Amino acid sequence: MASETVSPIEPKPLLAAWSLCQREIVRFLRQRNRIIGAIGQPLLFWLLFGAGMSRTFQLPGAATSAGVSFLEYYFSGTLMLIVLFTAIFATISIIEDRNEGFLQSVLAAPIPRWSMVLGKVMGGALLATLQGVLFLLLALTLKVNLGPLNFVVMAVFLLIVGIGLTSLGFLLAWRMESTQGFHAVMNLLLMPLWLLSGAFFPVPWIDAQSPWSQVVMHWVMRLNPVTYAIASLREIMYWGMGDAAPLPGRGLPVEAYWSPSPVTGVVVTIAFAALMLGWACWAAAEPRSGDA
């Protein structure tokens, strides 16, 4: 009796990445508390801070332009907070998968490890984009330019930001053993990253008479990659409004606050996402004891 030859299994990295991405989305949709936490908390912050600081917040020169309420200024910062929270929750699953043995099964499969990273990151980034787009509908209550083209561009840009932040979360989670330790590190790193990005207050303008504390704050915020993402979100929100846009150099004086040019903001955000994704793939390729 002739023996049957068994064909070798052909690795399909992209199919594996898509399967892991789908798993992240299904897992998220089955956990309603994650949906409430990821959208509910930033929405609550937006309403409470927007209402509470509406009388005290004023940008220089805002009285002579169309005027910017804190609710309007803080909107792009809240969008970023939603992406940030989703990145935190999505990358926690790496630690959970390792503790449950699922991650070891994936790493033992005949696929390159970058496909595992791509699936995890894209799952988190798509979830962040979906939640950001839902929140974006509230922009219809503000004096922004949210036409169909702006809406699509904003969704694509949120996906790029989501890839960068989820990859950063992956990098941190990859070496962690416990979810408690991961929470502590994420709060220590990511919340200051968000607060010092122009989300809550603008990057101060500096000149020769500025105090040293303002100079330090300016450069810390200027070196923060999230600053460029939030500045680009504001540019997209007012895209097409010309001098009516409440941005430095248009509706507001140049000295109102520091903001990168639109091209610089987009280039830095894309470069950050590519760097973090590449770094996450490189880190996952390194052998780690107990993974396989």
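Every value quoted in this text rests on a predicted model; they were computed, and no experiment measured them.
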- Ignoring hydrogens and geometry, is there a side-chain-to-backbone donor-acceptor pair from Asn224 to Leu193 under 3.5 Å? yes
- Item | Short side-chain to backbone donor-acceptor contact, Thr227 and Met221, under 3.5 Å | yes
- Task: Compare all side-chain heavy atoms of Lys12 with those of Ile111 and state whether any distance is below 4.5 angstrom.
- Result: no
- Examine distances only and state if a side-chain atom of Arg98 and a backbone atom of Trp174 form a donor-acceptor pair shorter than 3.5 Å. yes
- Item | Evaluation steps, side-chain contact (heavy atoms from CB on, under 4.5 Å), between Thr166 and Leu127 | CA-CA 10 Å; Thr166 311; Leu127 288 172; over 6 Å; no
- Can you check whether Val133 reaches Phe151 side chain to side chain, under 4.5 Å on heavy atoms? yes
- Side chains of Leu171 and Thr91 in contact at under 4.5 Å (non-hydrogen atoms): no
- Task: Kindly work out whether a path of hydrophobic side-chain contacts (I/L/V/M/F/W/Y, heavy atoms less than 4.5 Å apart) joins Leu79 to Tyr238.
- Result: yes
- Query: How many angstroms lie between OG1 in Thr78 and CG in Leu138, if you round to the nearest 0.5 Å?
  - Reply: 9.5 Å
- Task: Could you check Phe70 against Phe200 for ring-ring contact (aromatic ring centres under 6.0 Å, His included), going step by step and ending with a plain yes or no?
- Result: CA-CA 9 Å; Phe70 188 73; Phe200 205 70; 5.6 Å; yes
- Note on the structure: Note: Ile25 and Gly123 closest approach over all heavy atoms is CG1-O, 4.5 Å
- Item | Value rounded to 0.5 Å, distance of CE in Met176 from CD1 in Ile92 | 11.0 Å
- Query: Hey, what do you get for CG (Leu134) to CD1 (Ile82), rounding to the nearest 0.5 Å?
  - Reply: 8.5 Å
- Task: Please say whether more than 12 non-hydrogen atoms of neighbouring residues, nucleotides or ligands are located less than 6.0 Å from CH2 in Trp258.
- Result: yes
- Message: Parallel, tilted or perpendicular, judged at 30° and 60°: which one describes the rings of Phe49 and Phe45?
- Response: perpendicular
- Message: Hydrophobic cluster membership, with links at side-chain heavy-atom distances under 4.5 Å among I/L/V/M/F/W/Y: are Leu275 and Leu84 in one?
- Response: yes
- Verify, without hydrogens or angle tests, whether Gln214 (side chain) and Trp205 (backbone) share a donor-acceptor contact under 3.5 angstrom. yes
- Message: Is the shortest side-chain heavy-atom distance between Asp97 and Arg23 below 4.5 Å?
- Response: yes
- Message: Tell me the closest heavy-atom pair linking Ala229 and Met80, and the distance in Å.
- Response: CB-CE, 3.6 Å
- From Ile94 atom CD1 to Asn99 atom CG, the distance as rounded to the nearest 0.5 Å: 12.0 Å
- Message: If I compare all heavy atoms of Leu20 with all of Met116, which pair ends up nearest, and what's the gap?
- Response: CD1-CA, 3.6 Å
- Decide side-chain contact (heavy atoms from CB on, under 4.5 Å) for Phe272 and Met276; before the verdict, give the C-alpha distance in whole Å, the side-chain angles of both, and the deciding distance to 0.1 Å. CA-CA 6 Å; Phe272 176 74; Met276 288 298 107; 3.6 Å; yes
- Message: Below 30° counts as parallel, above 60° as perpendicular, anything between as tilted: where do the rings of Tyr257 and Tyr73 land?
- Response: perpendicular
- Message: A side-chain contact here means heavy atoms from C-beta on lying under 4.5 Å apart; do Trp279 and Ser167 qualify?
- Response: no
- Can Leu140 be reached from Met237 by stepping across I, L, V, M, F, W or Y side chains whose heavy atoms are under 4.5 Å apart? yes
- For Tyr228 and Ser261, indicate whether the former's side chain and the latter's backbone hold a donor-acceptor pair under 3.5 Å. no
- Task: Give a yes or no on whether Phe75 and Leu137 share a hydrophobic cluster (residues Ile, Leu, Val, Met, Phe, Trp, Tyr; joining criterion: side-chain heavy atoms under 4.5 Å apart).
- Result: yes
- Side chains of Ile206 and Trp219: closer than 4.5 Å at any heavy-atom pair? yes
- Task: Hey, could you give me the CG/CE distance between Leu196 and Met191, rounded to the nearest 0.5 Å?
- Result: 10.5 Å
- Which atom pair, heavy atoms only, marks the closest approach of Ser232 to Val266? OG-N, 3.4 Å
- Which atoms form the tightest heavy-atom contact between Ala16 and Ser115, and what is the distance? CB-OG, 4.4 Å
- Query: Is it true that Trp194 and Leu189 fall in one hydrophobic cluster, defined by side-chain heavy atoms closer than 4.5 Å?
  - Reply: yes
- Item | Distance (rounded to the nearest 0.5 Å) between Trp239 CH2 and Ile236 CD1 | 8.0 Å
- Asn150 side chain to Val153 main-chain N or O, any donor-acceptor pair under 3.5 Å? no
- Heavy-atom distance under 4.5 Å between the side chains of Ser259 and Leu247, does that happen here? no
- Query: With side chains defined as the heavy atoms from C-beta onward, is the minimum distance between Leu71 and Thr141 less than 4.5 Å?
  - Reply: no
- Item | Nearest atoms (heavy-atom pairs only) where Leu233 meets Ser76 | CD1-O, 3.9 Å
